[in-house]
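Structure record follows, encoded as C-alpha cells.
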Amino acid sequence: MDGLMDLARFLDVTTATAASAARPNFGNVHYERRKSPEQPLELFEFEGCPYCRIAREAFSALSLDPIVYPCPKGGELFREKVKREGGRYQFPYLVDRNTGVSMYESANIVEYLFQEYGDGSVPWFLRQRSFAVTTSMLASAFRPTRGRHAVRSRQPEQLLELYSYEGSPFCRIAREALCELELPYRLHNVPRRSPDRGDYIAMSGKMQVPFLNDPNTGVRMFESDEIRRYLYETYADGGAAR
Ligand SMILES: N[C@@H](CCC(=O)N[C@@H](CS)C(=O)NCC(=O)O)C(=O)O
C-alpha cells in the first residue's frame, strides 16, 4: 500500500514538474507593479485550461492577488455567473471592480493587467502568442485528468487563501484540488523578488509554497500532497481523498 502511494506521489510530482518545464520559470519572477488594486480582481478559470494558465502567469509575474473562482467542466457554482455576466461559457474571464472592466481572452487580460497594474510592457513569454499557447497546451497535456472536472463539494463560509506562484509544480497540485472542488480562494502570488515575500515569510514562518490558510477550520499548512488530501477530506462530498 505504501509502495503504491509512493508511486502515485512520484507520478504526480513528475507530471506536474513536466508541466512546469513546458513554461520554464514563466511567472516565477516578479515584474514591476506600479499599483495594487484596492478591491481584489476576480478571475474565473480552471487549472487545466492552457489559456487560463497564460492569464495566471501574468497575475503571478505582477504579484497580484485575485480571488479565483474555479470553473471546471461540469461545475455548477461559478460557470453560470460567467455566462450571465459575459454572455458565454469561456475561460479565463476577468472582472476588475476597480475600473468596471470585465473581459474574456487571455491575450487581452494579459495586456490589461500589465497596462493597468504593471509598467505597460508585457514580458516576451506572454507577448509571443503562438509560443505561449503551444507551450501552455503542452503543460496542460502533462496533467490530462487534473484541474479540469468538477467534484461535488460543500462550500466553505469564508474564502480560503493559497500562497503560490504559477510555475511551481507543487503549487499546481494544490490549485488543481481547489479547482476540482470549486472552492473559491484568494490567490496570493509570491514569485521571486516579489515585494510581498517579506510579509509572507513573517506570517508563515518560512519561504515555501504552496501554503494554505483555511479560516473556516483554522488549518494552516504547507505540503502539496497534504493540502490536496486535506481539501478532499474536508470539502468533497463524502470526504473521499483522491
Ligand atoms: N482565445 C481564448 C480561448 C479561451 C478558451 O478556448 N477557453 C476554453 C477552455 S481552455 C473554454 O472556455 N472552453 C469552454 C468551457 O470550458 O466550457 C483565450 O485566449 O482566452
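Both counts, for ligands and for their atoms, begin at 1 and track the order of listing. Computed from a predicted model, the values in this text were never measured in an experiment.
Of the heavy atoms in Arg129, only side-chain atoms (C-beta onward) come closer than 4.0 Å to ligand 1. Neither the backbone nor the side chain of Tyr104 has a heavy atom within less than 4.0 Å of ligand 1. Residue-level proximity to ligand 1 for Phe91 is carried by backbone and side chain together, each with a heavy atom below 4.0 angstrom.
Every N/O-N/O distance between Pro50 and ligand 1 stays at or above 3.5 Å. Some N or O of Arg79 is nearer than 3.5 Å to an N or O of ligand 1, by distance alone.
What sits closest to atom 1 (N) of ligand 1 on the protein, heavy atoms only, is Glu105 OE1, 2.6 Å. Annotation: atom 20 (O) of ligand 1 to nearest protein heavy atom, Ser106 N, 2.8 Å.
For the pair Pro40/Asp65, no side-chain contact is recorded, criterion being any heavy-atom separation below 4.5 Å from C-beta on.
Counting atoms of ligand 1 from 1 in the listed order, those under 4.0 Å from a heavy atom of Cys49 are 9 (C), 10 (S).
Between Tyr69 and Phe44, the ring planes lie parallel to each other; the angle is under 30°, not in the 30° to 60° tilted range. Between His188 and Tyr163, the two ring planes are parallel [angle under 30°; tilted spans 30° to 60°].
Figure legend: Arg88 and Tyr104 shown as a cation-pi pair, the cationic atom lying under 6.0 angstrom from the six-membered ring centre and within 45 degrees of its axis. Cation-pi geometry between Lys73 and Tyr89 is not met: the NZ or CZ atom fails to fall both under 6.0 Å from the ring centre and inside 45° of the normal.
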